[in-house]
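Source: prediction; values computed, not measured. Both counts, for ligands and for their atoms, begin at 1 and track the order of listing.
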Amino acid sequence: MRLANISNRLMLVTRDDRVIDVSHETEGRFSPRIQECYGRWDELREAAGELETATGRALLGIAPEEFGTPAPQPRQIFAIGLNYAAHAAEAGLAVPADITVFTKFLSSLSGPYGSIVLPPGTVDWEVELVAVMGSGGANIGTADAWRHVAGLTAGQDLSERTRQSSGPAPQYSLAKSFPGFGPMGPFLVTPDEYGDPNSIDLSCTINGEQVQTGNTMDMVFPIPEIIARLSRITPLLPGDVIFTGTPPGVGVGRVPQRFLAPGDELVTYVQGVGEMRHRMTPGG
Ligand code: ZN
């Protein structure tokens, strides 16, 4: 099942590419606000599953600016660093023995299309698969973990590398939280849509040139392992967001190094989800 947050309303996207307003079609049984629905995810999926033939607008008629992030107000945002061995190598760091975790602050989250203002410094790209939690919990086992995931989407963990590496300890959370630095979308895809949800292609391009490509099979800690390890320490809540790490090909690991410039178009692809498109604009 594919869902989307369109004009701030939760929409089912049907197999024949129409969008159905779930709240409207269920006569208000579910909130139009997608974030409020993660706590009743099984119920929502069952109801939305019955709406495939309901009346809706053509997906093609939806303007890009109508798409919002599929998780606009998560209570917790986790991001996993160094989760692909080849990316750890290009960063000059060891493959971690346990998950390396930071956050992206809430105000950095944004939708799948539009412009991103470049702050001063060196802004880098990181395509990531993002998991949004359905039912939360503590001490979730790896065998059970996928059942707790509401859906998957594409994300960018944009990173200002100068601030990230300044000071005596890395400033991951702050350097990755400028406005627009956490875009997600355009769709939330339920894990059962994948033959193997542990093997998903992802890539990104700048002005049409492919800079990153990978498959989530190469994760050091696959999503079930991330959920198990996180939930042993901090209970996960419905609607929480997990950025799961980036494959190799970021700008800081290149010789010479390369960073985003005004005018660049960054296209972010995740298999089954589709593409996000963002134009970089100069900061003040
Ligand atoms: Zn990242």
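- Phe181 does not carry Lys104 over the face of its six-membered ring by the limits of under 6.0 Å from the centre and within 45° of the normal.
- The backbone N or O of Leu202 sits nowhere less than 3.5 Å from a side-chain atom of Gln212 that would complete a donor-acceptor pair.
- Judged by distance alone, with hydrogens and angles left aside, the side-chain atoms of Arg18 form no donor-acceptor pair with the main-chain N or O of Arg57 at under 3.5 Å.
- The count of protein N, O or S atoms under 2.8 Å from the Zn ion (ligand 1) stands at 3, with waters excluded from the count.
- In this structure, Thr234 contributes its side chain and Ser231 its backbone to no donor-acceptor pair below 3.5 Å.
- By the 6.0 Å and 45° rule, Arg277 does not stack over the aromatic ring of Tyr113.
- Partners of His278 according to the side chain to side chain donor-acceptor pair (under 3.5 Å) rule, which considers only residues two or more places apart in sequence or in another chain, do not exist here.
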